[in-house]
2 protein chains.
Amino acid sequence: MIKLSKSVEYALFAIKYLNYIPSDKLVSTKELSESMNIPYDLLAKIMQKLVKTEIVSSVQGTKGGYFLSKSPKQINLNEIIKAVDSEIRLTDCMFENATEDDCKRLNDCSLRSPLSNIQNKIIQLFTSTTLEEII
Amino acid sequence: MIKLSKSVEYALFAIKYLNYIPSDKLVSTKELSESMNIPYDLLAKIMQKLVKTEIVSSVQGTKGGYFLSKSPKQINLNEIIKAVDSEIRLTDCMFENATEDDCKRLNDCSLRSPLSNIQNKIIQLFTSTTLEEII
DNA sequence: TTTATATACGACCGATTTAGTCCGATATAA
DNA sequence: TTATATCGGACTAAATCGGTCGTATATAAA
Ligand code: SF4
Ligand code: SF4
């Protein structure tokens with residue numbers, strides 16, 4: 001299936017909101033979820049993933065919240081997908097060190113290499129798309 | 001999720017096999033499934049979809065089977081995906097006439113248009129990839 | 001030092017989608 | 001008439017996604 005997850009969309013909305021806020025102000029998950037109509041608990045986990053990948057930064061405790069650690073121009077769509085879902089894999093074998101556990105056809109599969117090229121082009125497309133162009 | 005379905009892979013394998021066979025010879029689902037190790041019933045349904053979209057042709061009855069109706073050069077990857085799964089839709093709203101039933105954010109969503117552009121690029125990539133390059 | 005409010009993190013559950021199975025109908029060569 | 005093939009839809013099982021819950025930790029402020 002070739003589709004963005006809801007979580008990626010929510011991440012984009014959240015980053016868009018953070019981008020509108022003066023960068024010295026913190027925004028809580030509560031404010032984000034209420035103003036953009038995103039389920040609180042789900043968004044909370046998404047924000048944590050964005051922190052872990054250093055796309056946004058967080059401050060804990062009362063009056064805490066999140067702020068963008070990069071400008072949208074410096075963030076690309078592939079980063080978001082990797083942070084929120086996982087690395088793009090067009091097939092089960094698109095690992096560096098895939099084994100026959102990942103796909104039993106691995107050793108004599110003529111599709112693997114050409115499909116890998118296509119995957120690279122997709123990743124290239126996402127990587128070259130900055131959030132500035134999206135949000 | 002950005003991933004090809006197993007069904008698309010199976011379709012590619014099947015078309016590859018058909019391409020190796022003299023075009024006047026028919027190949028049954030049984031032969032295809034046994035020689036490429038693809039579940040018979042699943043492959044049977046995939047073959048029917050490929051027939052319906054006129055990528056392969058079929059002859060029914062004893063001694064019947066399938067043959068390629070186009071050369072791999074004339075078949076593109078987007079056709080296969082459309083035939084076997086469905087049209088690519090990067091989000092729930094990527095319809096010509098989407099309504100708020102498809103996504104309640106539809107009417108004031110700033111993401112829709114830029115994501116549509118990205119989707120077009122993906123479709124363009126798949127459409128410009130012929131099976132000759134893959135199988 | 002207590003309280004209120006915030007992030008962090010993992011387990012869980014329900015809904016949807018994908019992958020695979022089964023069964024009956026129809027076509028046709030032998 | 002029989003054997004073998006496609007056709008087509010209903011069904012089940014497994015995987016993934018979207019969303020929820022509970023608990024721990026951090027910290028500003030009363
Ligand atoms: S090895 Fe071939 S069949 Fe297996 S996942 Fe990779 S491309 Fe698909
Ligand atoms: S309208 Fe916006 S939020 Fe809704 S599916 Fe389309 S892009 Fe996503």
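We name chains A, B, ... by the order of the sequence lines, and we start the count at 1 in each one. The structure presented is a predicted model; accordingly, all values stated were derived computationally and were not measured.
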Nearest to the side chain of [X] - [options]?
{"X": "B/Thr62", "options": "C/dA29, C/dT5, C/dG20", "answer": "C/dA29"}
{"X": "B/Pro39", "options": "D/dC7, C/dA8, C/dT21", "answer": "C/dT21"}
{"X": "B/Ser5", "options": "D/dG19, D/dC7, C/dA19", "answer": "C/dA19"}

Rounded distance (Å) that lies between atom [atom2] of [N] and atom [atom1] of [X]:
{"X": "A/Lys45", "N": "D/dG22", "atom1": "NZ", "atom2": "P", "result": "15 Å"}
{"X": "A/Leu26", "N": "D/dA28", "atom1": "CG", "atom2": "P", "result": "11 Å"}
{"X": "A/Ile46", "N": "D/dC17", "atom1": "CD1", "atom2": "C1'", "result": "11 Å"}
{"X": "A/Asp41", "N": "D/dA24", "atom1": "CG", "atom2": "C1'", "result": "15 Å"}
{"X": "B/Glu31", "N": "D/dT6", "atom1": "CD", "atom2": "P", "result": "10 Å"}
{"X": "A/Tyr10", "N": "D/dC17", "atom1": "OH", "atom2": "C1'", "result": "11 Å"}
{"X": "A/Leu42", "N": "C/dC9", "atom1": "CG", "atom2": "P", "result": "17 Å"}
{"X": "A/Leu32", "N": "C/dT7", "atom1": "CG", "atom2": "C1'", "result": "12 Å"}

**Item:** Which residue lies more 5' along DNA chain D, comparing A/Gln60 with B/Val59 via nearest heavy atoms
**Value:**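 It is B/Val59, whose closest nucleotide lies nearer the 5' terminus.
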
**Asked** 5'-most contact on DNA chain D: B/Lys52 or A/Ser7, nearest heavy atom basis?
**Response**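 This one resolves to B/Lys52.
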
**Asked** Is any side-chain N of the basic residue among B/Lys70 and B/Glu79 closer than 4.0 Å to the acidic one's carboxylate O?
**Response**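 Counted as a salt bridge, because a side-chain N and a carboxylate O are separated by less than 4.0 Å.
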
**Asked** Start at the 5' end of DNA chain C and walk down; is the nucleotide closest to A/Met1 or to A/Gly65 reached first?
**Response**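 Looking at the nearest nucleotide for each, A/Gly65 comes out on the 5' side.
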
**Item:** Comparing B/Gly61 and B/Asp85 on DNA chain C - which has the more 5′ nearest nucleotide
**Value:**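 Per heavy-atom nearest nucleotide, the more 5' residue is B/Asp85.
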
**Message:** I'd like to know if A/Gln48 reaches the base of C/dA8 with its side chain, counting only an N/O donor and acceptor under 3.5 Å.
**Reply:**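 When only heavy-atom distances are counted, A/Gln48 does reach the base of C/dA8 through a donor-acceptor pair under 3.5 Å.
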
**Prompt:** What about B/Ser28, does its side chain sit under 3.5 Å from the base of D/dA5 through a donor-acceptor pair?
**Reply:**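 Flag unset: no donor-acceptor pair detected.
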
**Asked** Would you say B/Ser69's side chain and B/Ile55's backbone share a donor-acceptor pair under 3.5 angstrom?
**Response**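 Checked: pair present.
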
**Request:** Given side chain to side chain contact (heavy atoms under 4.5 Å, CB included), test A/Tyr66 with A/Ser57 step by step and report yes or no.
**Result:** CA-CA 6 Å; A/Tyr66 300 96; A/Ser57 304; over 6 Å; no

**Message:** Mind checking if A/Met47 touches a base, just sugar-phosphate, or nothing, with heavy atoms under 4.0 Å?
**Reply:**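 Since no nucleic acid heavy atom lies under 4.0 Å of A/Met47, the category is nothing.
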
**Request:** Using a heavy-atom cut-off of under 4.0 Å over every strand shown, decide if B/Tyr40 touches base, sugar-phosphate, or nothing.
**Result:**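 Here B/Tyr40 touches the bases of the nucleic acid.
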
**Item:** Flag if over 12 foreign heavy atoms under 6.0 Å of CD, B/Glu87
**Value:**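 Atom CD in B/Glu87 is not crowded, with 12 or fewer foreign heavy atoms closer than 6.0 Å.
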
**Request:** For B/Lys82, look at atom NZ and say whether over 12 heavy atoms of other residues, nucleotides or ligands are found less than 6.0 Å away.
**Result:**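 Open.
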
